[in-house]
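Contents: one structure, followed by commentary.
Keep in mind it's a predicted model, so treat the numbers as computed, not measured.
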Amino acid sequence: MLFNSFEFIIFLPLVFLLYWFVFTGRKSQNALILVASYVFYGWWDWRFLLLIMLTSVSSFASGLLIEHYEGRRAIQKAASAANIVLNLGVLGVFKYYNFFATSLQQLFACLNMSLDVVTLQIVLPVGISFYTFQALSYSIDVYQKKLPATRNLTEFMAYISFFPQLVAGPIERATNLLPQFQRDRQFDYAKAVDGARQMLWGFLKKVVMADNCAMVVNEYWEQYDVLPGLSLIGIAILFSLQIYFDFSGYSDIAIGCARLFGIHLMRNFDFPYFSRSIPEFWRKWHISLTSWFRDYIYFPLGGSRVSKAKTIRNIFIVWSVSGLWHGANWTFVCWGVFHAFLLSAYIMLGINTKYSQPVAYGRWLPNGKEVLQMLLTFTLAVIGWILFRATSLDQAFDYMRHIAVNPFTGNEMHGLAMTGSLLDTARWILWSAVFLAIEWMQRDKQHALQTEGKGLFKYAACRYLTYAAILTLIFFFAGKVQTFIYFQF
């Protein structure tokens, strides 16, 4: 079920009313959440509910075994390792088997050798990377004694399958989300209203901005070889904005939706395009994933507490894995390696990337240095997004070659496409600038509609006029419905 679907418009109020006015006890609310989450996910394909059940039961059992055999480290390690292997094995078969099989075949072909491989005709389950990582964090945290194992299967399965963040995050830690299912929850009107505001802003970003940007990007991306470099730069910028509006919009909807049910989810985006460096960018973009890799891979490898050479090695390991997590394609691996190079460069150059406050804190506008830093960071991110969006490495490098070789001229036989691409990209880049300007003014808040009853928003009329304006924009300017980009991961 999509957030931006008619079914969800019916589903959410129904579950909300049942949750607060019918199933009023903690146990019954957890059971309702579990059933609702399985309906939400099964609406797409009920067969893949079996995978969520397998992930949930295996992780639940591993936690019990780890706690039961306290003091017997070998058994605990085996229980944790078995759960990790099982879940990564399932993820590997569904997401990576064909990729590695065909890559191996291509390697043999380069060596003038033939290799017959069998590929699988399987569909990638939506959100499998997200809920698998969420389940793994639980067994690892129990093993590391960061939290006790739960003995309630219902609350644990609700933690794994919680529908607002099931298919595209945030990837929650058991230490944050699971205890919330273990205690009673009281309806908080103020938090629910703020959650609804955050959802509204998320829907605006997704339905109006991301979907319209996607229509332009999808139309012109495949014509890159006949368009001038200026158009290609605009399209690359527009995709960078599309993926931000799409994914941060999903996160806003998920976090706001969870608050309607008295559940707090971690922040996943912190206005990343206002970053002054690539390291700061990755502390603000998809925070739940980058912090997951930091805590469960980077730190165990030694993090930055080792020599500079080993620190850089750790960065390349983490970002190669991060690239592969995003998709079974060498474009994603190269995207990860590209960012590993950038992050390593900041370390080798000794550039300070630790900032205690948002950019231009306490000021309306950034200073000259901050503007240059943000422009450089955004430019580097856009280059990375070209790799991310391309269907192959050949296309990615050819796209960038066309930008460099033909900055102002394209194929004369496609003059209409050239003119249209420039006008369409310019229009939606300008609209995006308006949205980013609003977020700039709210960059010290959790989301752009967080008002705190200050300024004009202390008046109910101003608040409701704003909500009405947003709903009008959604109704009249919604683009063609697009699935969320991160559903494929």
Parallel, tilted or perpendicular: rings of [Y] and [X] (30°, 60°):
X    : Y    : answer
W292 : Y296 : tilted
F187 : W20  : perpendicular
F388 : H326 : perpendicular
F477 : W431 : tilted
Y273 : F378 : perpendicular
F40  : F3   : tilted

Is the closest side-chain heavy-atom distance between [X] and [Y] below 4.5 Å?
X    : Y    : value
W285 : T290 : no
Y131 : F162 : no
L166 : I52  : yes
L342 : F281 : no
L473 : L204 : yes
L260 : Y19  : no
I160 : Y138 : no
M199 : F203 : yes

With sequence neighbours left out, what residues match [X] under side chain to side chain contact (heavy atoms under 4.5 Å, CB included)?
X    : answer
R363 : A360, N367, E370
L301 : I297, N314, I317
E7   : M1, S5, W43

Exercise for review: Grab the two heavy atoms, one from E219 and one from Q223, that are nearest each other, plus how far apart they are.
Suggested key: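 Looks like O-NE2, 3.0 Å.
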
Any donor-acceptor N/O pair, [X] side chain to [Y] backbone, under 3.5 Å:
X    : Y    : answer
E439 : F271 : no
N87  : T132 : no
R197 : Q450 : no
D246 : Q242 : no
K95  : W325 : yes
N329 : T391 : yes
Q446 : R267 : no
Y399 : L232 : yes
E172 : Q134 : no
W440 : W364 : yes

Practice item. Among R443, R283, K284, find the one that has a side-chain hydrogen bond (donor to acceptor under 3.5 Å, both in side chains) with D270. Key: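 Only match with D270 under side-chain hydrogen bond (donor to acceptor under 3.5 Å, both in side chains): K284.
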
Review point. Between D194 and K191, does at least one N-O distance fall below 4.0 Å, as a salt bridge requires?
Key: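 A salt bridge is absent here (no side-chain N lies under 4.0 Å from a carboxylate O).
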
Check your understanding: Charged N to carboxylate O under 4.0 angstrom, D141 versus R173?
Key ->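 Here D141 does not pair with R173 in a salt bridge, since their nearest N and O are not under 4.0 Å apart.
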
Point to revise | Test log, rule side chain to side chain contact (heavy atoms under 4.5 Å, CB included), inputs L471 and L200 | key: CA-CA 8 Å; L471 289 171; L200 186 61; 3.8 Å; yes

Exercise for review: List for me each residue that meets side chain to side chain donor-acceptor pair (under 3.5 Å) alongside N4, sequence neighbours excluded, and say none if there are none.
Suggested key: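 Counting only residues at least two positions away or on another chain, N4 forms no side chain to side chain donor-acceptor pair (under 3.5 Å).
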
Check your understanding: S288: what forms a side chain to side chain donor-acceptor pair (under 3.5 Å) with it, not counting sequence neighbours?
Key ->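 So S288 forms a side chain to side chain donor-acceptor pair (under 3.5 Å) with N268.
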
Check your understanding: Going through the distances and angles, do L376 and Q373 end up as a side chain to side chain contact (heavy atoms under 4.5 Å, CB included)?
Key -> CA-CA 5 Å; L376 175 61; Q373 288 174 323; 5.9 Å; no

What about [X] and [Y], are their ring centers closer than 6.0 Å?
X    : Y    : answer
W330 : F99  : yes
F316 : F341 : yes
F435 : W201 : yes
F181 : Y159 : no

Practice item. Assess whether atom CZ of F299 is packed by more than 12 heavy atoms of other residues, nucleotides or ligands within 6.0 Å. Key: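 Count over threshold, so yes.
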
**Study point:** Contacts of type ring pair (Phe, Tyr, Trp, His ring centres under 6.0 Å), residue F247, not counting sequence neighbours
**Key:**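 Per chain and number, F247 pairs via ring pair (Phe, Tyr, Trp, His ring centres under 6.0 Å) with F269, H286, Y486.
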
Exercise for review: Could you go through the side chain to side chain contact (heavy atoms under 4.5 Å, CB included) check for F130 and Q165 one step at a time?
Suggested key: CA-CA 9 Å; F130 290 88; Q165 46 85 231; over 6 Å; no

Practice item. Step by step, work out the side chain to side chain contact (heavy atoms under 4.5 Å, CB included) result for I383 and M400. Key: CA-CA 8 Å; I383 294 171; M400 288 185 273; 4.1 Å; yes

Spatial distance of atom [atom1] ([X]) from atom [atom2] ([Y]) [nearest 0.5 Å]:
X    : Y    : atom1 : atom2 : result
K206 : C213 : NZ    : SG    : 10.5 Å
F23  : Q29  : CZ    : CD    : 10.0 Å
M209 : D211 : CE    : CG    : 10.5 Å
M348 : L343 : CE    : CG    : 10.5 Å

Exercise for review: Take D394 and S392 through the test side chain to side chain donor-acceptor pair (under 3.5 Å) and record every step on the way to the result.
Suggested key: CA-CA 5 Å; D394 287 341; S392 67; 5.2 Å; no

